[in-house]
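Beneath this line is the structure, given in structure tokens, with notes to follow.
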Amino acid sequence: MVNRNPSGTAFMMAFLRGFHAVYDNAKIFNDPLAYDLIPEEVREAFKQHLIKSVAEMAPELAKECTDAATSLRLAVRIMAGPVLARARFVEERLEEAIRKGIRQYIILGAGLDTFAYRRLDLTDRLQVFELDLPYTQEIKCQLLSRLNLEKPDFLHYIPVDFTKDNLASALSESKYDSGQMSFFSWMGVTHYLPNESVLSTLKAIIRLSSSGSEIVFDYYDKSAFDPDKGSNRIKYIMKNTKAIGETIITGFDPSKLSMELALLGLRLLNNLGPEEIQQKYFKECNEGYAASEHVHLAHATW
């Protein structure tokens, strides 16, 4: 292993997707590779952390937990809902985009995403570009090699440090074709960036892609930052991400998002709030998962 690790959140997101795939019967989103991708010692560390944290996230429900296993299942259900919903939202929108003729899929901040290894059926219809920090991609490749998984031909890793490198330059040095319609996924990122950085990145994406392209991203609403309105779950997440140097700083007003995007040249197609996400992805699931009180899912085109 190299000495540096991907972000703690990248590992945790994969762990939550994987735990759901392995231990739950009704699947909100099925990622059968994610659990084995995480080294066993890392999985165990996450389990112990979640068990200890469940009382902080849901004090009343935690009182009903009689053992470590029950505490872990409760903690995973509290944390994983938004992760599973956004993953399913992305791939549902991508499937629609492919039917409309989009042939390039760009994952910004891919982390330990396993899409290209799960969807080999799309090899002849799609080119997948994963953008992330070089050392994140190095470790991901090492983890995949442990599972004897070879990189598919339609997958392209593009190392980039978004704090230093230019997105357009990074893509121009790859097989990415700016003349083709593209589908961009930007999940779990906007809330860590200053507002102006989010907007400037969206502008850059528009400039380097053709008309008819699409983007999906998630965001926190502004109430998440209000001490009187923020849920226990969001307070826990904010405290823990700050502790590992990944501070959550930005949210948007859902009622103004369409106007803000329009000023950039984007047309908002979907803007799902917690209630809509709950109805769409969790109504039929009896596993105890739920939408986050503050996470929204956006889908736009230009």
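These numbers were taken from a predicted model, which means no experiment stands behind them.
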State, with a plain yes or no, whether a side-chain heavy atom of [X] is found less than 4.5 Å away from one of [Y].
| X | Y | value |
| --- | --- | --- |
| Thr123 | Leu120 | yes |
| Asp113 | Lys140 | yes |
| Ile244 | Thr9 | yes |
| Leu297 | Val216 | no |
| Phe183 | Ser209 | no |
| His294 | Arg233 | no |
| Ile215 | Leu202 | yes |
| Leu37 | Leu144 | yes |

| field | Residue that, paired with His156, satisfies side-chain hydrogen bond (donor to acceptor under 3.5 Å, both in side chains) out of Gln127, Gln104, Lys175 | value | Gln127
| said: Going by side-chain hydrogen bond (donor to acceptor under 3.5 Å, both in side chains), Glu214 matches just one of Lys100, Arg267, Arg93. Which one? | reply: Lys100
| request: Could you check His191 against Tyr220 for ring pair (Phe, Tyr, Trp, His ring centres under 6.0 Å), going step by step and ending with a plain yes or no? | output: CA-CA 7 Å; His191 34 278; Tyr220 284 130; 4.4 Å; yes
Under 3.5 Å: donor-acceptor pair, side chain of [X], backbone of [Y]:
| X | Y | result |
| --- | --- | --- |
| Asn270 | Ala298 | no |
| Glu130 | Leu108 | no |
| His20 | Ile28 | yes |
| Asp132 | Gly111 | yes |
| Thr241 | Glu246 | yes |
| Glu44 | Glu41 | no |
| Lys235 | Pro227 | yes |
| Thr250 | Leu193 | yes |
| Arg77 | Gly288 | no |
| Thr70 | Thr66 | no |

If only side-chain N and O atoms count, and only distance matters, is there a donor-acceptor pair under 3.5 Å linking [Y] with [X]?
| X | Y | result |
| --- | --- | --- |
| Ser223 | Asp226 | no |
| His296 | Asn271 | no |
| Tyr105 | Ser182 | no |
| Thr201 | Trp186 | no |
| Glu92 | Tyr281 | yes |
| Glu293 | Ser231 | yes |

| request: Taking the six-membered ring for Trp and the full ring for Phe, Tyr or His, determine whether the centres of Phe46 and Phe15 are under 6.0 Å apart. | output: yes
| task | Run the ring-centre check on Tyr157 versus Phe129 and record whether the distance is less than 6.0 Å. | result | no
Gap between atom [atom2] of [Y] and atom [atom1] of [X] - 0.5 Å precision:
| X | Y | atom1 | atom2 | result |
| --- | --- | --- | --- | --- |
| Phe252 | Leu199 | CZ | CG | 5.0 Å |
| Thr114 | Asp36 | OG1 | CG | 11.0 Å |
| Leu268 | Thr301 | CG | OG1 | 11.0 Å |
| Glu287 | Arg73 | CD | CZ | 6.5 Å |
| Leu84 | Leu16 | CG | CG | 7.5 Å |
| Asp253 | Ser258 | CG | OG | 12.0 Å |

Can you name the closest pair of heavy atoms from [X] and [Y] and give their distance?
| X | Y | value |
| --- | --- | --- |
| Leu257 | Tyr219 | CD2-CE2, 3.5 Å |
| Pro59 | Asn232 | CD-ND2, 3.7 Å |
| Ser53 | His49 | OG-O, 2.7 Å |
| Pro82 | Ser292 | CG-CB, 3.4 Å |
| Arg125 | Arg103 | O-CD, 2.5 Å |
| Gly188 | Asp218 | N-OD1, 2.7 Å |

Single-linkage hydrophobic cluster, 4.5 Å side-chain cutoff, [X] and [Y] together:
| X | Y | value |
| --- | --- | --- |
| Val42 | Leu147 | yes |
| Ile249 | Val189 | no |
| Ile206 | Leu269 | no |

| request: Output, in order, the C-alpha distance, side-chain angles, deciding distance and verdict of side chain to side chain contact (heavy atoms under 4.5 Å, CB included) for Trp302 and Ser213. | output: CA-CA 6 Å; Trp302 54 97; Ser213 296; 3.3 Å; yes
| Can we say Arg118 and Glu91 salt-bridge, meaning some charged N sits less than 4.0 Å from an Asp/Glu carboxylate O? | yes
| Asp24/Tyr289 under side chain to side chain contact (heavy atoms under 4.5 Å, CB included): CA gap, chis, key distance, verdict | CA-CA 11 Å; Asp24 289 324; Tyr289 293 94; 2.4 Å; yes
| request: Take Tyr117 and Leu155 through the side chain to side chain contact (heavy atoms under 4.5 Å, CB included) test and state the conclusion after the steps. | output: CA-CA 9 Å; Tyr117 294 86; Leu155 172 62; 3.6 Å; yes
| Passes side chain to side chain contact (heavy atoms under 4.5 Å, CB included), Val90 versus Phe115? Steps please. | CA-CA 11 Å; Val90 169; Phe115 173 83; over 6 Å; no
